[in-house]
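Contents: one structure, followed by commentary.
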Amino acid sequence: MIASRISCAAIVLLAIGAARADEVEDFYRGRTLNLVVGHEVGTGFDVYTRQLARHYGRFIPRKPSIAVQNMQGASGMTAANWLYNIAPKDGTVIATFTHSVVFEPLIGDAAARFDPLKFSWIGNMDESTQTCVISPAAGVAKFDDLFTREALFGGSGAGTAGPLSQTPNAIRNLTGAKIKLIQGYRGSFDIKLAIERGEVYGLCGLPTSTARTEWRDMLDSGRIRFFLQLGRKKHPDLADVTHIYDYAKSDEDRFVYDLIFGTQGLGRPYMAPPGVPAARVAALRKALLDTMADPTFLAEAKAAQIDVTPLGGAEVHKLLADVFATPAAAVERAKKAVRAQ
């Protein structure tokens, strides 16, 4: 009798699993999955997403078509608000935007009209390490020189949630470095052009993967160099580059640094709106990790010199939950640090 009940239960579970698989296959048959990039064409997020788009559909049931759309505005905040409040909650849209946008609700930004923990997290493509880069024209040999000599850095629009402004603000406010921030650039590509024209000398918040692709010509020619690394862990390829955590002097400092700089581990995240059916979320998560392990995709990523160090959706959600448990005092310090003062 017990064996019979177990067999019946197993049959029911198999039937449920098959029904869910059929539902996902039926849903994606003949459909298009839209990948929305919250930044301009040519940025690292755009490059990564277009690389993903060439392969992602092969690993989703019924192989839907993939379309990439750019929705720039407020350093990714426009796309985040749209995804949470307007985008269809059926599994036909996922989006990506800079990690700093995700944490805006934590630091009290009223423009962030979303709850990050309620997004349907699909995963990420790369645990990014961000850096500061600088031109020799700045006349600064090492980071400590900024304590006595001012340098102009480019940033995104004033008041935006992007790392290109928040990161240099935080570095200046937490360490005392004499960074003068010139804001109003649309993204890293525009700041690159500004450095080439001599309008500014540096940029903070640039992922190593972006530096080695879109900025490779300037790196190879010596027109810029890595100046400061910002990840929680030192990057193995940047052993001689100063680490921001060298300036954290207490446990509370480290909490603040983890919140501002350590969250870069979220890297290149992908998420769907809240409320997407669980079976479709599971299929999209699996397809992302399957794509990241695909030999053809990896060969193309290597040729394009983009880093691939993925995390699954559940792991990304846990990372977020841990950050949102940061002590209140550290959150208050971080709020002040990322703003212009």
Side-chain angles (χ1 to χ4, degrees), residues 13-39 41 44-71 76 79-80 82-84 86-97 102 116 118-127 266-304 306-320:
L13 290 173
L14 288 171
I16 292 172
R20 288 176 176 172
D22 288 344
E23 186 275 331
V24 172
E25 290 194 2
D26 289 344
F27 178 78
Y28 283 110
R29 182 184 289 110
R31 289 188 184 264
T32 296
L33 173 64
N34 296 292
L35 307 186
V36 175
V37 182
H39 305 278
V41 173
F45 287 92
D46 183 67
V47 170
Y48 267 81
T49 301
R50 292 179 189 278
Q51 188 77 35
L52 174 65
R54 285 193 283 274
H55 301 276
Y56 194 32
R58 293 193 285 119
F59 298 95
I60 300 172
R62 293 298 178 181
K63 298 178 173 58
S65 300
I66 306 292
V68 179
Q69 301 174 354
N70 292 80
M71 186 185 290
W82 175 84
L83 184 71
Y84 192 87
I86 300 174
K89 297 174 170 54
D90 60 0
T92 58
V93 175
I94 65 174
T96 184
F97 35 80
V102 177
K118 291 183 180 179
F119 277 125
S120 302
W121 287 95
I122 307 304
N124 77 0
M125 290 180 66
D126 177 44
E127 293 185 77
L266 190 57
R268 310 284 184 179
Y270 289 84
M271 70 291 293
V276 175
R280 297 175 199 171
V281 172
L284 293 171
R285 285 179 169 183
K286 182 178 184 301
L288 183 66
L289 291 179
D290 287 347
T291 304
M292 298 300 97
D294 177 61
T296 303
F297 168 82
L298 290 172
E300 288 189 10
K302 183 177 180 180
I306 66 172
D307 297 331
V308 178
T309 54
L311 280 177
E315 295 167 293
V316 170
H317 189 275
K318 183 180 185 305
L319 185 155
L320 291 172

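We count residues from 1, following the sequence as given.
Once rounded to the nearest 0.5 Å, the distance linking CG of Asp126 with CD1 of Ile306 reads 8.0 Å. Residue Leu284 holds its CG atom at 5.5 Å from CD1 of Ile60, rounded to the nearest 0.5 Å. Rounding to the nearest 0.5 Å gives a distance of 9.0 Å between CZ of Arg268 and CG of Asp307. Atom NZ of Lys63 sits about 12.5 Å away from atom CZ of Arg29, to the nearest 0.5 Å.
What you find for Trp121 and Arg285 is that their closest heavy atoms are O-NE, 2.7 Å. Among all heavy-atom pairs drawn from Leu33 and Val93, the shortest one is CD1-N, 3.8 Å. The minimum heavy-atom distance linking Ser120 with Gly275 is given by the pair OG-N, 4.0 Å. The minimum heavy-atom distance linking Leu83 with Ala95 is given by the pair CD2-CB, 3.8 Å. Met71 and Trp82 make their closest contact through CE-CD2, 3.5 Å (heavy atoms, listed as atom of the first residue, atom of the second, distance). In this structure, Leu266 and Leu320 approach most closely via the heavy-atom pair CD2-CD2, 4.1 Å.
Counting heavy atoms from C-beta on, the side chains of Met292 and Thr309 never come closer than 4.5 Å. Contact of the Tyr48 side chain with the Thr96 side chain is not registered, since no non-hydrogen atoms from C-beta on lie closer than 4.5 Å. In this structure, the side chains of Asp90 and Arg280 come closer than 4.5 Å at one or more pairs of heavy atoms. Between Asp294 and Arg58, some side-chain heavy-atom pair lies under the 4.5 Å cut-off. Using a 4.5 Å heavy-atom cutoff, the side chains of Thr49 and Val36 are not in contact. Put simply, the side chain of Pro310 reaches to within 4.5 Å of the side chain of Leu289, judged on heavy atoms. Here the side chains of Met125 and Phe45 are not in contact, with every heavy-atom distance at 4.5 Å or above. In this structure, the side chains of Val47 and Gln51 stay at 4.5 Å or more apart for every pair of heavy atoms.
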Test side-chain contact (heavy atoms from CB on, under 4.5 Å) on Thr92 and Thr32 and set out the steps.
CA-CA 7 Å; Thr92 58; Thr32 296; over 6 Å; no
Test side-chain contact (heavy atoms from CB on, under 4.5 Å) on Leu52 and Leu288; report intermediate values, then the result.
CA-CA 8 Å; Leu52 174 65; Leu288 183 66; 3.8 Å; yes
Report the C-alpha separation of Val68 and Val37 in whole Å, then their side-chain angles, then the decisive distance to 0.1 Å, and conclude whether the side-chain contact (heavy atoms from CB on, under 4.5 Å) test is met.
CA-CA 7 Å; Val68 179; Val37 182; 4.0 Å; yes
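Under the 6.0 Å cut-off for aromatic ring centres, Tyr84 and Phe119 qualify, their centroids lying closer than that.
Under the 3.5 Å distance criterion, the side-chain polar atoms of Asn124 are matched with a main-chain donor or acceptor of Leu311. Tyr28 contributes a side-chain N or O that, together with a main-chain N or O of Gly91, makes up a donor-acceptor pair within less than 3.5 Å.
Listed by first then second residue, pairs satisfying ring-ring contact (aromatic ring centres under 6.0 Å, His included) with a partner in residues 273-299 read His55-Phe297, not counting sequence neighbours.
Counting non-hydrogen atoms of other residues, nucleotides and ligands closer than 6.0 Å to NZ of Lys286 gives a total of 12 or fewer.
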